Amino acid sequence: LVDVAIGVWARKLTVVIVGSIVLGLAILYLNIATYTYTAQLKVASVDAVERQRGGGALAGLAAGAGGGFRDPLSDPQFELYIEGLTSVETARVLEEDPRIMRTIFTVAWDEASQSWQEPPEGVVRKVINLIKAILGIRRFEWQPPGAARLAEYLSKNVQISRSKDTIITGISFVHEDPEFGKYFIKSLNETVNEKLRRRAILRSSASIRYLKEQLEVIQVAEYRQALLQALSEQERIRMTASSGLPFAADVISGPAVSEYPDKPRASITLALAILLGGVFGVLVAFTRFAIADARLRRQRMQGTGSHSTDG
């Protein structure tokens, strides 16, 4: 073991060279890498927020709009909000925003012609297409990005973190442009909230019209009392939805973006490069020592064999 340590130490220049190469590669990576930032929005069920604030009547309205559920994890409107964050319906609305579409699908957007263009094929794509052609697999024509692709993008890139211990739900989005990250996550929240608000207004308005029509023809006191209670409930729902306040999800904080890039982290990358460079350097030095030692032993054995033959 002492001989190994001495042999490796004698090749310390190898350790320095290998370590320097690894460190240099790390520095090169940090200079060409795409830095990404995390934009985050923290929301909670409107019903849960109002109950925690002791909202009284407002809490009752929110409970009415949510169908009477008190558990924030089972609030129907909030569950619809969570599902809506990555739905095709939401993507159809966001598709109308040029900034969102052109930033997310920037590779396919040609600024000169102000139109969508099929991105040039790289080597990997050409190989895949060649294999498909050989195997007879159908190749579909390229289509400009639309709601379906945007919905797929939302599913892959919008992260939702829910906790059983608190009413707060975190919504995060990672992008290389921090300002766009904030804009996107804010637009996403407003789009889903507004979609649920409009749907609630339409449904409650239709129910109110129907109930009023029934009140004009029904004279039985018990039936009229039930209709009046249902009418009052629907009016509460429409009032809540029309108030201009958050309907399904209340923003607790954000949108906020990390001050420094989340990936790659320069300090962590350099520290790992130094560590791994040292380890690889020692392994290379040890390999060189082992090869040299094996060669020396072989030469000694050959020399011993020659002396024995001469004798």
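This one's a predicted model, so the numbers in the text were calculated from it and none came from an experiment. Computed from heavy atoms alone, side chains included, the values below leave out hydrogens, waters and symmetry copies.
For the pair Ala91 and Ala147, the tightest heavy-atom approach, listed with the atom from each and the gap, is CB-O, 3.3 Å. Looking at every heavy atom in both residues, Glu95 comes nearest to Leu150 through N-CD2, 3.9 Å. Heavy atoms only, all atoms of each residue included: Phe180 and Ile100 are closest at CE1-CA, 3.8 Å. Nearest heavy atoms, Val15 versus Ala285: CG2-CB, 3.9 Å. Looking at every heavy atom in both residues, Ile167 comes nearest to Ala44 through O-CB, 3.4 Å.
Within 6.0 Å of the NZ atom in Lys42, the count of heavy atoms belonging to other residues, nucleotides or ligands does not exceed 12. Remark: Arg203 CZ is loosely packed, at most 12 non-hydrogen atoms of other residues, nucleotides or ligands lying under 6.0 Å away. Enclosure of atom CD in Glu259 is not indicated, since only 12 or fewer non-hydrogen atoms of other residues, nucleotides or ligands lie within 6.0 angstrom. More than 12 heavy atoms of other residues, nucleotides or ligands sit less than 6.0 Å from atom CZ of Arg149. More than 12 heavy-atom neighbours from other residues, nucleotides or ligands sit within 6.0 angstrom of CZ on Arg102.
Taken from CG in Leu211 to CD1 in Ile218, the straight-line distance is 9.5 Å, to the nearest 0.5 Å. Here the CD atom belonging to Glu176 is positioned 8.5 Å from the OG1 atom belonging to Thr36, to the nearest 0.5 angstrom. A distance of 13.5 Å separates CH2 of Trp116 from CD of Gln143, quoted to the nearest 0.5 Å. Distance check: Ser253 OG to Gln40 CD gives 7.0 Å after rounding to the nearest 0.5 Å. Remark: Gln234 CD to Ile208 CD1 distance equals 6.5 Å, nearest 0.5 Å. To the nearest 0.5 angstrom, Leu202 atom CG is 12.5 Å from Arg197 atom CZ.
Side-chain N/O atoms of Ser161 and Gln159 include no donor and acceptor closer than 3.5 Å. In this structure, a donor-acceptor pair under 3.5 Å is absent between the side chains of Asp110 and Ser115. Thr103 and Thr106 form no side-chain donor-acceptor contact under 3.5 Å, judged by distance and modelled atom types alone.
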Walk me through whether Val174 and Asp262 qualify under side-chain contact (heavy atoms from CB on, under 4.5 Å).
CA-CA 9 Å; Val174 177; Asp262 297 296; 5.6 Å; no

Apply side-chain contact (heavy atoms from CB on, under 4.5 Å) to residues Phe184 and Val158 and explain how you reach the verdict.
CA-CA 10 Å; Phe184 175 79; Val158 175; 4.1 Å; yes

Would you sort out whether Thr169 and Ile160 count as a side-chain contact (heavy atoms from CB on, under 4.5 Å), showing the intermediate values?
CA-CA 7 Å; Thr169 295; Ile160 302 170; 3.8 Å; yes

Do Glu179 and Lys182 pass the salt bridge (charged side-chain N to carboxylate O under 4.0 Å, His left out) test, and can you show the C-alpha distance, the side-chain angles, and the key distance before you say yes or no?
CA-CA 5 Å; Glu179 291 304 316; Lys182 289 196 295 184; 3.8 Å; yes

Between Leu25 and Ile21, does the side-chain contact (heavy atoms from CB on, under 4.5 Å) criterion hold? Intermediate values first, please.
CA-CA 6 Å; Leu25 291 174; Ile21 293 173; 4.2 Å; yes

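Taking a cutoff of 4.0 Å between a charged side-chain nitrogen and a carboxylate oxygen, Lys156 and Glu152 qualify as a salt bridge. With respect to the salt-bridge test (charged N to carboxylate O, under 4.0 angstrom), the residues Arg162 and Glu79 qualify. A salt bridge links Arg198 and Glu194; the closest N-O separation between the charged side-chain nitrogens and carboxylate oxygens is under 4.0 Å.
Linking Ile, Leu, Val, Met, Phe, Trp and Tyr residues whenever their side-chain heavy atoms come within less than 4.5 Å places Val284 and Val279 in a single cluster. Under the 4.5 Å side-chain heavy-atom criterion for grouping Ile, Leu, Val, Met, Phe, Trp and Tyr, Ile17 is not connected to Phe280 through any hydrophobic cluster. Residues Leu28 and Val22 are members of separate hydrophobic clusters, defined by side-chain heavy-atom contacts under 4.5 angstrom among Ile, Leu, Val, Met, Phe, Trp and Tyr. Two different hydrophobic clusters hold Ile185 and Val257 under the rule that ILVMFWY side chains link at heavy-atom gaps under 4.5 Å. Follow the hydrophobic side-chain contacts under 4.5 Å out from Tyr37 and you never reach Leu188; the two are in separate clusters.
Side-chain atoms of Phe173 and His175, non-hydrogen and from C-beta on, do get closer than 4.5 Å to each other. A heavy-atom distance below 4.5 Å is not found between the side chains of Trp109 and Gln117. Leu215 places a side-chain heavy atom less than 4.5 Å from the side chain of Leu231. Between Tyr81 and Val43 there is a side-chain heavy-atom pair separated by less than 4.5 Å. No side-chain heavy atom of Glu89 sits less than 4.5 Å from a side-chain heavy atom of Glu83. Two residues are said to be in side-chain contact when any heavy atoms from C-beta on lie closer than 4.5 Å; Leu85 and Ile82 meet this criterion. In this structure the side chain of Val46 never reaches within 4.5 angstrom of the side chain of Gln77, judged on heavy atoms. Side-chain contact check for Tyr183 versus Asp177: every heavy-atom pair is 4.5 Å or farther apart.
Looking only at distances, a side-chain donor or acceptor of Ser87 sits under 3.5 Å from a matching main-chain atom of Gly84. In this structure a side-chain-to-backbone donor-acceptor pair under 3.5 Å is missing from Thr90 to Thr86. The backbone N or O of Glu222 lies less than 3.5 Å from no partner atom in the side chain of Gln225, so there is not a single donor-acceptor pair. Counting only distance, with no hydrogens or angles, the side chain of Ser258 and the backbone of Thr38 share a donor-acceptor pair below 3.5 Å. Between the side chain of Ser204 and the backbone N or O of Ala200 there is at least one donor-acceptor pair closer than 3.5 Å. When atom types are taken as modelled, the side chain of Asn193 and the backbone of Ala249 share a donor-acceptor pair closer than 3.5 angstrom.
Residues that satisfy the salt bridge (Lys or Arg N to Asp or Glu O under 4.0 Å) test with Glu190, not counting sequence neighbours, are Lys186. In this view, Tyr153 satisfies the ring pair (Phe, Tyr, Trp, His ring centres under 6.0 Å) rule with no residue, not counting sequence neighbours.
Through direct or relayed side-chain contacts under 4.5 Å between Ile, Leu, Val, Met, Phe, Trp and Tyr, Tyr35 connects to Leu23, Ile27, Tyr29, Leu30, Leu270, Ile274.
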